[in-house]
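One structure is given below, encoded as structure tokens.
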Number of protein chains: 2
Amino acid sequence: MVSSTDPRERVTLAAAKLIHKQGFARTTLAEIAVAAKVALGSLYYYFHTKDEIAAAIVAKRVGDLDQMLLKKNTLPDARSRLEALVQVWADDRNIDARYGCPIGSLCYELAKGRGPLSGHAAMPMRTLLNWSEAQFCALGHSQDAATLALHLVSALQGISLVANSLGDAAAITRESSYLQDWIRQL
Amino acid sequence: MVSSTDPRERVTLAAAKLIHKQGFARTTLAEIAVAAKVALGSLYYYFHTKDEIAAAIVAKRVGDLDQMLLKKNTLPDARSRLEALVQVWADDRNIDARYGCPIGSLCYELAKGRGPLSGHAAMPMRTLLNWSEAQFCALGHSQDAATLALHLVSALQGISLVANSLGDAAAITRESSYLQDWIRQL
DNA sequence: GTCTATATGTGGATAGAC
DNA sequence: GTCTATCCACATATAGAC
């Protein structure tokens, strides 16, 4: 299950998986400790509080996102880069329909009524928005690139939420196709 | 704050408000009891479990949604009806940016990794989707009405999530404008 | 029906040995 | 650094008087 040798990373990975499936509030430190093969008390050597684990997960997600988007940048044109982003959702349709978007569902839970953690929730969204905006700019839509990026990211986050509520992965397939067409026609 | 005379309704309303702001898992029965001006023990006269309160909130939300959509049906044409739906999000931008969509954020939390409550999460979404699909049909898009409805509802749910994560109500204004234009051009 | 009091379980967090 | 054992607060749920 958890294969990293660095225990701190093992905890972050295990927590990310569990929290994706169960939500942050419903996931206990005891569960995380078991999944990470670390004693419960040891968690507090790596993180001072449960909230800090959430912050670490968000930071890791932003890093993964950056890496993923950087890879897409090797694609020849902005249009295919945007299509590739949508394709990520299409590929992950089954897990997203079951547990929601790993990024969006966590951000939604953290942003709600929390002080310090609310700030963290913005980072992954900004990452997605900024990259998308750059692509729309490259496509020649520099005037309304921010608006188009907002629409794209909203659609991706929204379809994850709707498909999860319905328990219907096919909804993600359908919305992905719609978005692909939209990008091609732009 | 809570003005209903029927105590059961008072509990449902108080719980709905608190859970919208704090999330389901983080809201305690003690808080609900205080807000509803009911003794903690009395909650169990009206509801057997905390989960039942969540179910009652969802049922109430579906009822409110039905009523709201029924009102929109008095508008002369399908296009203005769809615009009116989007306008609801634009009007509620401040509260949605702060706490998320009252429907979507609850559904997202309930659908995740829960047995019986997962089923309830689908109902509000289906209500929104079915009504929207009917409007797109009336607009002459009977062929792809379901796809258009899915795109609209996803966009509305998505912008609530993104705006909440960013803490930015203006994002809802911008996406609403985009969707209004989209509806007019259809 | 509505209340007070309480049982029961469990979660985050700490203490301290090794 | 990693562990075991434990504290303490609090949340859900129950008991039972009124």
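Below, all heavy atoms of this structure are taken into account, side chains as well, without hydrogens, waters or symmetry copies. Numbered from 1 within each chain, the chains take letters A, B, ... in sequence-line order. Quantities reported herein were computed from a predicted structural model and do not represent experimental measurements.
Following rounding to the nearest Å, A/Lys50 (NZ) and C/dT14 (P) show an atom-to-atom distance of 15 Å. Atom CD of B/Glu52 and atom P of D/dA13 are 10 Å apart (whole Å). The nearest whole Å value for the distance from the NE2 atom in B/His48 to the P atom in D/dT14 is 10 Å. Atom CD1 of B/Ile19 is separated from atom P of D/dA11 by 14 Å (rounded to the nearest Å). Atom P of nucleotide C/dT10 and atom CG of B/Leu29 are separated by 17 Å, given to the nearest angstrom. Note: CZ (A/Arg26) to P (C/dG12) measures 12 Å, nearest angstrom. When rounded to the nearest whole Å, the span between CD1 of A/Ile32 and C1' of C/dA13 equals 14 Å. Rounded to whole Å, atom C1' of C/dT10 lies 12 Å from atom CD of A/Glu31.
Between B/Tyr44 and D/dT14 there is no side-chain N or O to OP1 or OP2 distance below 4.0 Å.
Taking 4.0 Å as the cut-off between side-chain N and carboxylate O, B/Lys60 and B/Glu9 do not count as a salt-bridged pair.
Partners of B/His120 by ring pair (Phe, Tyr, Trp, His ring centres under 6.0 Å), not counting sequence neighbours: none found.
When the nucleotides C/dG1, D/dG1, C/dA13 are ranked by their closest atom to the side chain of A/Tyr45, D/dG1 comes out on top.
Aromatic ring centres of A/Trp182 and A/His151 lie closer together than 6.0 Å.
Side-chain atoms of B/Gln185 and B/Asp181 include no donor-acceptor pair closer than 3.5 Å.
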Polar atom pairs (N or O), protein with nucleotides 3-6 of chain C, under 3.5 Å:
{"from": "C/dC3", "atom 1": "OP2", "to": "B/Ala39", "atom 2": "N", "distance (Å)": "2.8"}
{"from": "C/dC3", "atom 1": "OP2", "to": "B/Ser42", "atom 2": "OG", "distance (Å)": "2.9"}

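Looking at B/Arg61, its side chain does come within 3.5 Å of a backbone N or O of B/Pro102 through a donor-acceptor pair.
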Take A/Glu175 and B/Ser154 through the test side chain to side chain donor-acceptor pair (under 3.5 Å) and record every step on the way to the result.
CA-CA 9 Å; A/Glu175 173 69 3; B/Ser154 291; 4.9 Å; no
